[in-house]
Amino acid sequence: MRLGNLERSIMEALWNHPEGMLAQDLADALPSTPAVTTVLTVLVRLSRKGLVTRERTGRAHLYHASAGRDVFVAEAMREVLDGAGDVQAAVSRFVGSVSPQVAAALRDALNSRDPD
C-alpha cells in the first residue's frame, strides 16, 4: 500500500508514539505544519485503509497505528512482489541489491520459516 507524503508523516509520528496522539498534537509535530482539519481528513483515510484506529478521550480522539512499522513494510513488500510480472527476476534483482545485513536477515527468515 502506497502512502502519500502527509499519510507517511502521520504514520511515522504514530509509530513513534505507540501511546497514541491527538490530531492537534499530530498537526503540531509534523514539519509541514498542516491544519488540524487536514490531519483529521488524512486520519479518516488512514482509518479506512485499516492503518489507524481511534479511541474517544473526552471530546477528542486519540489515534493509534493499527500495526507496527514492520507489519506495514512487510505488507507493502508482499503487494509489490504480487504485482511483479516475473517474481523470480524481481526477487533476484532485489536480493542482489541489498546490504549484507539485509541478505543475512532474509536468509535467517527463510531458514526459520515452517515448510508448507
Side-chain angles (χ1 to χ4, degrees):
M1 175 179 314
R2 299 197 71 143
L3 297 179
N5 290 337
L6 186 53
E7 288 176 321
R8 169 65 82 179
S9 294
I10 288 172
M11 289 308 301
E12 290 291 339
L14 291 174
W15 285 322
N16 290 330
H17 293 88
E19 71 281 2
M21 294 182 77
L22 300 171
Q24 180 66 59
D25 295 334
L26 275 164
D28 293 342
L30 297 174
S32 61
T33 61
V36 176
T37 54
T38 301
V39 170
L40 286 166
T41 299
V42 174
L43 285 165
V44 168
R45 265 198 315 243
L46 290 169
S47 176
R48 287 185 184 141
K49 291 179 179 182
L51 297 174
V52 170
T53 60
R54 70 180 189 175
E55 66 178 273
R56 185 165 288 284
T57 57
R59 292 176 35 186
H61 288 95
L62 191 62
Y63 293 89
H64 300 271
S66 298
R69 182 182 288 119
D70 57 335
V71 173
F72 174 79
V73 170
E75 179 64 19
M77 289 171 27
R78 189 194 58 76
E79 285 180 12
V80 168
L81 285 174
D82 286 349
D86 184 345
V87 174
Q88 179 70 36
V91 169
S92 293
R93 176 163 247 137
F94 173 72
V95 169
S97 69
V98 299
S99 69
Q101 293 83 3
V102 172
L106 287 168
R107 195 174 301 106
D108 290 345
L110 287 170
N111 288 336
S112 67
R113 182 175 183 211
D114 289 331
D116 291 284

Determine, stepwise, if the pair Leu46 / Leu14 fulfils side chain to side chain contact (heavy atoms under 4.5 Å, CB included).
-> CA-CA 11 Å; Leu46 290 169; Leu14 291 174; 5.6 Å; no
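The NE2 atom of His17 sits 11.5 Å away from atom CG of Leu22, with the distance rounded to the nearest 0.5 Å. Note that CZ of Arg113 and CG of Leu110 are 7.5 Å apart. Values are rounded to the nearest 0.5 Å. Distance check, rounded to the nearest 0.5 Å: CD of Glu55 to NE2 of His61 gives 9.5 Å.
Remark: the backbone N or O of Val52 is paired with a side-chain donor or acceptor of Ser66 at under 3.5 angstrom. Side-chain atoms of Ser92 come within 3.5 Å of backbone N or O of Gln88 as a donor-acceptor pair. At distances below 3.5 Å, not a single donor-acceptor pair connects side-chain atoms of Trp15 with backbone N or O atoms of Ile10.
Across all non-hydrogen atoms, the minimal contact from Ala13 to Leu26 is CB-CD2, 3.6 Å. Between Ala29 and Met21, the shortest heavy-atom distance links the atoms CB-CE, 4.1 Å. The shortest non-hydrogen separation linking Leu62 to Gly20 is CD1-C, 3.6 Å. When every heavy atom of Glu7 is checked against every heavy atom of Val42, the shortest pair comes out as CG-CG1, 3.6 Å. The two residues Lys49 and Arg2 make their nearest non-hydrogen contact at NZ-O, 3.9 Å. Taking all atoms of both residues into account, the shortest heavy-atom contact from Met11 to Ala65 is CE-CB, 3.9 Å.
Crowding of Arg78 atom CZ: a count of heavy atoms from other residues, nucleotides or ligands under 6.0 Å exceeding 12. Atom CG of Asp108 is surrounded by more than 12 heavy atoms from other residues, nucleotides or ligands within 6.0 Å. By the 6.0 Å contact criterion, CZ on Arg93 is open, its count of non-hydrogen atoms from other residues, nucleotides or ligands being 12 or less.
Judged as a side-chain hydrogen bond (donor to acceptor under 3.5 Å, both in side chains), and not counting sequence neighbours, the contacts of Ser99 are Gln101. Shown here are the side-chain hydrogen bond (donor to acceptor under 3.5 Å, both in side chains) partners of Glu19, two or more places apart in sequence or in another chain: there are none.
Between Arg69 and Asn16, some side-chain heavy-atom pair lies under the 4.5 Å cut-off. Inter-residue side-chain proximity for Phe94 and Leu81 is flagged as unmet; no heavy-atom pair is nearer than 4.5 Å. Side-chain contact check for Leu40 versus Val36: some heavy-atom pair is nearer than 4.5 Å. Between Val71 and Glu75 the shortest side-chain heavy-atom distance does not fall below 4.5 Å.
Val95 and Val80 are not part of a single hydrophobic cluster, where members link through side-chain heavy atoms under 4.5 Å apart. Under a hydrophobic-cluster definition in which Ile, Leu, Val, Met, Phe, Trp and Tyr are linked whenever side-chain heavy atoms come within less than 4.5 Å, directly or via other members, Met77 and Val91 are assigned to different clusters.
Remark: the Gln24 side chain and the Asp28 side chain contain an N/O donor-acceptor pair separated by less than 3.5 Å.
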